[in-house]
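Since we're looking at a predicted model, the values are computed, not measured. Note: hydrogens, waters and symmetry copies are ignored here, and every other heavy atom, side chains too, is used.
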Amino acid sequence: MAQEELIRRLFAVVDAADWHRLGEVFAVDGVYRRPGYRDICGLAEIVRFYRDVRIIEQGRHELIGVIVDECQGSCWGRFRGVSRSGEALAEDFAEWYDFAGPVIAERRTFFYRQAI
């Protein structure tokens, strides 16, 4: 399904640090909701987040599962990488998406750790 490929392409773009390609997967007015950050609204802010704010220097996402329909989807997996300060990172995650045709309109990331 095209929406599953969209999710997989998102992670390929992020893992390759091809920030100029984020417009291939996010809507211009897309929203990214991520724990610990204010909502990231609009493609320009999403690019800025990845380029300048995100603590990750490099890494790789391993998707374990993806479920989609035409309008929504979710995935879960593992991330392994290195922070900008050189610290090893390992995090399990789950995500939920709203699609706007061939792009992501909203993305929410969830982490498996105690929050409250």
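- Here the NE2-CD1 distance, from H61 to I56, works out to 6.0 Å after rounding to the nearest 0.5 Å.
- Rounding to the nearest 0.5 angstrom, the gap separating the CG atom in D39 from the CZ atom in R33 is 4.0 Å.
- Both V13 and V47 sit in one connected hydrophobic cluster of ILVMFWY residues. Membership requires side-chain heavy atoms under 4.5 Å apart, directly or through other members.
- Looking at heavy atoms from C-beta onward, E87 lies out of side-chain contact with V82 at the 4.5 angstrom threshold.
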Side chain to side chain contact (heavy atoms under 4.5 Å, CB included) assessment of F11 paired with C75: CA-CA 11 Å; F11 288 109; C75 72; 3.8 Å; yes

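- Between R80 and E91 there is no salt bridge, since no side-chain N of the basic residue sits under 4.0 Å from a carboxylate O of the acidic one.
- The shortest distance between side-chain heavy atoms of L10 and R107 falls below 4.5 Å.
- Using a cut-off of 4.0 Å between Lys/Arg side-chain N and Asp/Glu carboxylate O, R108 and E95 are scored as not salt-bridged.
- When the side chains of ILVMFWY residues are joined at heavy-atom separations under 4.5 Å, either directly or via intervening members, L6 and V28 end up in two distinct hydrophobic clusters.
- A side-chain donor-acceptor contact under 3.5 Å links R84 to the backbone of R54.
- Residues F99 and C71 have side chains not in contact (no heavy-atom distance under 4.5 Å, counting atoms from C-beta outward).
- The closest donor-acceptor contact from the side chain of E45 to the backbone of V31 lies at 3.5 Å or more, if one exists at all.
- Judged by distance alone, the side chain of Q3 and the main-chain N or O of E70 form a donor-acceptor pair under 3.5 Å.
- If you take CD1 on I7 and OG on S74, they are separated by 7.0 Å, rounding to the nearest 0.5 Å.
- Distance CG/D15 to CD/Q58: 10.5 Å, rounded to 0.5 Å.
- Residues A105 and A100 share a closest heavy-atom pair of CB-CB, 3.9 Å.
- Summarising the geometry, atom CZ belonging to R78 is positioned 10.5 Å from atom OH belonging to Y112; distances are rounded to the nearest 0.5 Å.
- Below 30°, between 30° and 60°, or above 60°: for F49 and Y32 the angle between ring planes is above 60°, a perpendicular geometry.
- Ring centroids of Y50 and Y37 are separated by 6.0 Å or more, keeping the two rings apart.
- At distances below 3.5 Å, at least one donor-acceptor pair connects side-chain atoms of D69 with backbone N or O atoms of Q72.
- Considering CD1 of I67 and OH of Y97, their distance stands at 12.5 Å, rounded to 0.5 Å.
- Between I104 and D98, the closest side-chain pair of non-hydrogen atoms is not below 4.5 Å.
- Linking ILVMFWY residues whenever their side-chain heavy atoms come closer than 4.5 Å, directly or via other members, places F93 and V66 in the same cluster.
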R48/V53 under side chain to side chain contact (heavy atoms under 4.5 Å, CB included): CA gap, chis, key distance, verdict: CA-CA 7 Å; R48 189 182 75 75; V53 177; 3.4 Å; yes

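- At a threshold of 4.5 Å between side-chain heavy atoms, the hydrophobic network of Ile, Leu, Val, Met, Phe, Trp and Tyr places V25 and W96 in two separate groups.
- Between V103 and E24, the shortest heavy-atom distance links the atoms CG1-O, 3.9 Å.
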